[in-house]
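Every number for a ligand or one of its atoms is a count from 1 in the order of the listing.
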Amino acid sequence: MKTQTFSSREQQMEAGAFKRKTRIAFSVFFAMFIIGGISFYFLFNQPKSADNVQPALRSVMQANEQLFSRMFSVNRQVKLYKKPEAVPKVRVNGDVGMGADFNQATWKLKVARRPGDTLVLTIDDIKALPKREVIFDFKCVEGWDQVTHWGGVRVGDFLMKYNLTAQTAMKYMGMVTPDGTYYVGIDMPSMLQPQTILCYEMNGQPLPKIQGAPLRLIIPVKYGIKHLKRIGTIFFSNTKPRDYWAELGYDYYAGL
Ligand SMILES: Nc1nc2c(c(=O)[nH]1)N[C@H]1C(S)=C(S)[C@@H](COP(=O)(O)O)O[C@H]1N2
Ligand SMILES: [Mo]
């Protein structure tokens, strides 16, 4: 009897508490709904930019793009192989900007630190930096790939050595062949990725002429199109540098 009374009282209390909780839950839900609605209204009634996207959405997209490019380039290391796995006969592909009218002996690397201020270096200046070897699976957008072995200087080390760290705050690096006919633009995080090298050796031998001697780019996080052979000029930019294959419709980022 006692127990029953207690139990029914308890049930009443519980029913009261339940009603109260339900009221709170509905109020919270309703408040969230109103806040959400208002935010949505303001977001979508912002003046749109030229490309028809609300600025708040655009900035989120840009932040994501930056975050993703850092995540997939700097933090990500491409799989490396052992020397015997590298092919002895490396395929040659692409000869834009590789004309015969070129003298390796007088070649110099031009680094446009900023407009009107160009640093000029010799191949020995570059070879004086610590040598890094990269053996990775080189992939071309045409559908072939092969494990190849390259040697050179980390772009990061190079930029440090020549006091170009301020330039790494820029969004892109651009590279152009000496004749100006082949050119690439690459996001800074991918250039700073530790496996990216200014390359002067292949299979432990001096880089063959057709493979970009005296200096080419090896950037394992990207498809072959970005591995510019025969570097003439390097520059830095906050806007996308011109890119040979992007202009022909390929993905600008060309990441793997
Ligand atoms: N100067 C220059 N660099 C270039 C090209 C080119 O046509 N000219 N082709 C690119 C492409 S599409 C690929 S797949 C690689 C091939 O490098 P490899 O010839 O050493 O195999 O170089 C890249 N670098
Ligand atoms: Mo390629």
Side-chain angles (χ1 to χ4, degrees), residues 73 78-81 83 85-112 121 123 126 131-155 158 172-187 190-191 193 195-235 240-256:
S73 52
V78 165
K79 183 183 175 195
L80 296 178
Y81 294 79
K83 273 181 198 166
E85 297 176 275
V87 296
K89 217 171 167 279
V90 181
R91 197 166 163 156
V92 174
N93 202 54
D95 60 0
V96 181
M98 308 285 292
D101 179 24
F102 174 70
N103 186 354
Q104 256 196 74
T106 57
W107 172 93
K108 288 203 170 63
L109 176 67
K110 295 190 182 116
V111 185
L121 299 169
I123 194 68
I126 290 149
K131 186 164 87 183
R132 309 282 173 178
E133 295 191 52
V134 181
I135 305 168
F136 77 107
D137 193 8
F138 190 109
K139 296 187 176 84
C140 172
V141 287
E142 287 167 9
W144 55 266
D145 70 285
Q146 54 178 202
V147 175
T148 44
H149 172 194
W150 311 90
V153 170
R154 265 186 193 156
V155 171
F158 170 79
Y172 302 95
M173 270 176 78
M175 285 189 179
V176 186
T177 53
D179 71 355
T181 60
Y182 196 85
Y183 37 88
V184 295
I186 296 170
D187 55 286
S190 297
M191 289 302 291
Q193 201 267 7
Q195 296 167 317
T196 301
I197 59 172
L198 298 176
C199 164
Y200 53 81
E201 269 184 19
M202 188 185 84
N203 289 339
Q205 300 295 316
L207 193 62
K209 201 169 185 184
I210 192 62
Q211 248 128 357
L215 196 67
R216 75 174 296 170
L217 182 66
I218 287 291
I219 181 159
V221 292
K222 304 283 188 192
Y223 275 106
I225 48 177
K226 296 286 189 185
H227 299 227
L228 182 136
K229 299 189 279 190
R230 195 187 284 179
I231 305 172
T233 304
I234 297 178
F235 63 96
K240 283 181 177 164
R242 284 186 66 189
D243 187 273
Y244 186 90
W245 285 105
E247 286 174 7
L248 295 173
Y250 282 84
D251 174 38
Y252 190 92
Y253 191 64
L256 289 171

Contact (N/O only, under 3.5 Å) between [X] and ligand 1:
| X | answer |
| --- | --- |
| Arg216 | yes |
| Trp144 | no |
| Val96 | yes |
| Trp150 | no |

Below 4.0 Å, non-hydrogen atoms only: which portion of [X] touches ligand 1? Side chain, backbone, both or neither.
| X | value |
| --- | --- |
| Thr177 | side chain |
| Met98 | side chain |
| Asp95 | backbone |

Can you tell me which residue and heavy atom of the protein come closest to [atom], and the distance to 0.1 Å?
| atom | value |
| --- | --- |
| atom 12 (S) of ligand 1 | Ile225 CG2, 3.7 Å |
| atom 21 (O) of ligand 1 | Arg91 O, 2.7 Å |
| atom 23 (C) of ligand 1 | Gly224 O, 3.2 Å |
| atom 16 (C) of ligand 1 | Asn93 O, 3.2 Å |
| atom 24 (N) of ligand 1 | His227 O, 3.0 Å |
| atom 3 (N) of ligand 1 | Lys229 N, 3.0 Å |

Quick one: which ligand 1 atoms are inside 4.0 Å of a heavy atom on Cys140?
-> 14 (S)
Mark up the atoms of ligand 1 that fall under 4.0 Å of a heavy atom belonging to Gly94, in ascending order.
-> 6 (C), 7 (O), 9 (N)
Do you know which two heavy atoms are closest between [X] and [Y], and how far apart they sit?
| X | Y | answer |
| --- | --- | --- |
| Lys226 | Ala254 | CE-CB, 3.9 Å |
| Ile225 | Val184 | O-CG1, 3.7 Å |
| Pro88 | Asn203 | O-ND2, 3.3 Å |
| Gly99 | Arg230 | O-NH1, 2.9 Å |
| Ile231 | Pro178 | C-CD, 4.2 Å |

Under 3.5 Å donor-acceptor, Gln146 side chain and Arg91 backbone =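 Yes.
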Using atom types as modelled and distance alone, determine if a side-chain donor or acceptor of Arg216 lies under 3.5 Å from a backbone N or O of Gln211.
->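 Flag set: sc Arg216 to bb Gln211 pair under 3.5 Å.
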Ligand 1 contacted by Gln211 (non-hydrogen, < 4.0 Å) |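 Yes; Gln211 lies near enough to ligand 1 that a heavy-atom distance drops under 4.0 Å.
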Distance under 6.0 Å and angle within 45° of ring axis: Lys240 vs Tyr252 =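 The answer is yes; both the distance and angle limits are met.
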Should the pair Phe136 and His227 be assigned to parallel (<30°), tilted (30 to 60°) or perpendicular (>60°) ring geometry?
-> parallel
Do the rings of Trp245 and Tyr250 sit parallel, tilted or perpendicular, given the 30° and 60° boundaries?
-> perpendicular
Min over Tyr244, Tyr250, Phe138, Tyr182 of heavy-atom distance to atom 5 (C) of ligand 1 lands on Tyr182
Would you say the side chain of Tyr244 lies within less than 4.5 Å of the side chain of Val96, judging by non-hydrogen atoms?
->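 Side chain of Val96 against side chain of Tyr244, heavy atoms only: contact under 4.5 Å found.
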